Amino acid sequence: MKDFSRFAVRLAGFAPLAVLLVGVNFFVDPAHLFDRGRTEREVVSALVDGQRVTGLNNYDERTFQRELATRDTTAPATLVIGSSRSMTVGSEEVGAPRVRNAAVSGANLFDVLGIYELYARRKSVPRSLVLGIDPWMFNANSGDSRWVSLVHEAGGMLARLGLPAPNELVVARARASRAATLVSLDYFQQGVRELIRYRGIPESFLIATSDSNPALTRKPDGSIVYGEDLRHLSQDDVARAAKAYAETSPIYQLGGFNRIDPADSVVFDRFVRVAQADGNDVTLLLAPYHPVVYDVLRNDERYTMVAKAELLVRHVGAAAGIRVCGSYDPAAVGLGPADFYDGMHARPAALGRILRACLQR
Amino acid sequence: MLFNSIQFAIFFPLVTAAYFVTPQRFRWLLLLTASCVFYMAFIPVYIWILGLTITVDYLAALKIASSKGGIRRFYLIASIAVTCAILFYFKYFNFAANNLDALARLLDWNYGVKTLRIILPIGLSFHTFQSLSYVIEVYKRKQVPERHFGIYSLYVMFYPQLVAGPIERPQNLLRQLREPHYFEYDRVTNGLKLMAWGLFKKVVVADRLATLVSPVYSDPFAHPGLPSIIATVLFAFQIYCDFSGYSDIAIGSAQVMGFRLMDNFNRPYDSASVGEFWRRWHISLSTWFRDYLYIPLGGSRAGRILTVRNLFITFLVSGLWHGANWTFVVWGALHGAYVTIGLATARIRARLGDLTQLHRVPRLARAGSILVTFTLVCVGWVFFRARNLGDALFMIRHMGDGLPHALYATMSSASARESFLYLGQGRGVFLWAVAGIAALELVHAFQRHGGMRNLLSTQPAWLRWTFYYALVLAVMLGGVFTRTQFIYFQF
């Protein structure tokens with residue numbers, strides 16, 4: 001007991017470091033996880049006023065989408081839902097006016113359902129729906145918890161599909177994962193970097209006058225234009241980035257992808273049918289990976305489910321009479337290394353070629 | 001569950017606290033349950049493979065102990081065969097199938113065996129070897145068989161060393177699983193300090209170095225000459241910090257609970273010969289191969305030619321143990337060649353030393369030997385790290401390309417420094433990595449003179465706490481926390 005008391009006293013000596021960690025994570029909060037949606041509300045106000053915002057790197061994209069769907073009352077003709085791999089799709093890429101891009105980074109099926117529900121609730125579901133479907137949407141072990149911000153909307157949509165709401169345990173785990181960000185060392189490093197870079201807590205975002213800016217820019221239609229750092233990468237740099245991406249273990253969101261999650265495939269199948277029944281012209285977009293990355297996805301036994309996910313999407317599409325545009329395999333849609341920003345993000349022009357050709361069919 | 005994850009940061013204190021408040025007779029159950037949770041965090045279903053190995057070797061050891069003559073031997077061979085068959089199926093089947101396929105194509109034969117699309121169970125080679133050592137020790141009558149299935153299961157599954165060693169011997173670990181352990185301040189804090197040091201080596205040094213090394217090894221054709229030399233030297237430190245960091249966390253976490261695991265590393269790059277390197281690198285594996293392969297083959301007792309044969313077989317198997325790829329086989333063979341050539345030239349080198357009078361300045365002679373050994377080991381690391389033999393051979397052949405020009409350019413041009421020295425990753429990343437290596441070598445220097453712990457214990461409290469704070473802050477600010485696996489997990 002004496003030894004334990006002595007140990008507890010010594011351990012308490014490290015308390016200032018714990019306070020520093022939690023303090024930086026909470027107050028600097030580079031991803032605006034703990035500011036209760038203030039940043040997201042301000043960004044939406046700017047976008048609704050027709051302005052572009054830049055320098056907004058980290059924020060809760062789901063909360064942002066909820067704000068945007070609630071505050072912007074104009075009805076889009078085309079709604080794009082997906083992950084960052086579909087986030088650059090705008091009017092030019094679709095070849096039609098009044099596009100609303102509501103993609104969120106690392107989207108899973110709950111995100112897709114939740115965002116669709118946001119527009120369904122306000123009775124402004126558009127005529128045309130483009131769903132960017134990523135392979136990890138069928139991976140129960142992707143480990144992403146960001147969708148929890150849209151848990152109520154996703155639950156509402158699941159009820160419409162005749163399926164139970166997300167498991168309480170799953171929701172609790174996702175919430176715990178967010179709370180764990182308070183003690184995340186990765187998040188702490190981001191916070192310290194921001195403190196050093198801006199010599200204090202930085203501005204959340206800036207209003208831009210054009211689409212092309214040094215940092216990522218979000219346009220009034222919700223789509224994004226990447227910053228100069230990505231747009232101006234040389235082909236060698238892109239190849240290096242793609243290689244580095246391909247070598248990460250596991251590849252983003254594809255860890256533990258041992259099987260197509262049966263629950264996810266049921267959700268997906270029912271959702272596209274309900275979206276069709278709502279009067280949407282549904283298009284499924286399979287955004288390609290960089291050739292180097294796809295080579296790994298095709299040959300590494302850890303990623304065999306990627307091809308199976310594509311087959312599933314095609315099967316569901318065929319059964320429901322829905323267009324399936326693109327492929328995870330860049331060669332199948334005629335894309336080469338020059339069509340990418342990095343390992344997983346195709347350039348908007350390339351996505352536009354795929355979409356326009358497919359939508360004209 | 002990775003040692004460098006938030007899950008482990010929660011798991012470890014919970015399990016440790018529960019361990020000390022649990023009555024002694026239930027502690028094995030607590031640790032076994034915790035070990036199952038730890039292992040199942042990777043791929044849950046693979047626990048059945050582990051269960052099969054455990055059951056087979058548990059029953060085999062009981063049978064061996066109660067049998068005589070040829071039957072004993074039969075049970076030993078059966079146990080080894082089943083355990084190795086599992087290892088072969090998951091680790092070597094595809095390698096064998098691919099090579100047979102290549103051979104069949106060469107001979108224009110029709111070979112129809114398809115490769116398996118399976119993921120290698122994590123740490124399979126480690127717990128297979130630990131399990132084998134138990135059966136062999138029982139067979140050699142150096143260990144009584146463990147009758148308690150739970151305790152034996154815990155011996156194989158003890159979570160600190162389950163997935164990447166140290167590969168323990170039953171004489172050391174099994175006994176400890178029955179011993180009562182109490183909360184002792186010095187032991188607990190020493191264990192925690194070792195864990196902190198291991199974490200520093202992994203997340204601050206190894207993972208930072210990986211960002212410099214990986215781009216070169218993923219595209220060696222774009223990085224001939226100086227970059228490939230620098231990447232290889234950095235990889236030598238990366239793999240050392242990665243693996244010894246894991247071992248430190250494993251040993252430290254066991255120590256906190258009162259268990260003493262064997263040392264696995266002893267400053268291997270201080271070795272003056274490749275033979276010495278293997279006495280300091282991955283000690284639990286090299287002693288395993290020594291005891292269960294090299295010595296049973298005859299060791300060095302049967303003449304020079306058979307010694308060379310035995311060494312080569314041991315190193316080839318050691319290479320293959322590391323991975324089902326020809327690069328690992330060549331790596332093993334290379335080390336076999338180093339050791340045999342080292343033995344064969346011992347007299348010549350001694351005479352050379354006499355002629356040059358180097359023995360009069362032993363420090364200089366040792367420094368020279370350390371440098372030569374490090375260079376030889378680095379050549380081996382090229383094969384170890386390269387994706388395939390073609391890449392490795394290209395790197396070896398082109399390491400000298402444009403070297404004088406590159407060396408001169410790095411001194412005179414910032415852009416040349418960026419490409420040749422910083423390997424395209426920027427000055428900051430490079431300097432962080434070099435600072436990490438410098439910190440590592442500083443601690444090694446203290447270890448040569450009595451150890452870091454002893455030195456710290458004699459310092460005033462403010463100095464000790466400054467050091468502890470610096471270490472923790474270095475991990476917090478300089479660590480890489482993107483769930484990077486330990487390199488040796490793949491084996």
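Just so it is clear, the model here is predicted, and its values are computed rather than measured. Letters A, B, ... are given to chains in the order of the sequence lines, protein chains preceding strands, and every chain is numbered from 1.
- In this structure, chain B has no heavy atom under 4.5 Å from any part of Arg193(A).
- Within 6.0 Å of NE2 in His315(A) there are 12 or fewer heavy atoms belonging to other residues, nucleotides or ligands.
- Using a 4.5 Å cut-off between heavy atoms, Leu20(A) contacts chain B through its side chain alone, with no backbone atom that close.
- For chain B, the nearby part of Asn258(A) is the side chain; its heavy atoms alone come within less than 4.5 Å.
- Side-chain contact of Glu247(A) with Ser218(B): a donor-acceptor pair under 3.5 Å is present, judged by distance alone.
- Contacts with chain A were tallied for Tyr185(B), Phe20(B), Trp465(B); Tyr185(B) has the most, counting heavy-atom pairs under 4.5 Å.
- Heavy-atom contacts from other residues, nucleotides or ligands closer than 6.0 Å to CZ of Arg231(A) number more than 12.
- Only the side chain of Thr189(B) comes within contact range of chain A, with heavy atoms under 4.5 Å apart.
- Less than 6.0 angstrom separates the ring centroid of Phe183(B) from the ring centroid of Phe7(A).
- Taking CG from Leu21(A) and CE from Met476(B), the interatomic distance works out to 4.5 Å, rounded to the nearest 0.5 Å.
- Of the atoms belonging to Ile10(B), not a single heavy atom falls under 4.5 Å from chain A.
- Atom NZ of Lys308(A) sits in a sparse spot, with 12 or fewer heavy atoms from other residues, nucleotides or ligands closer than 6.0 Å.
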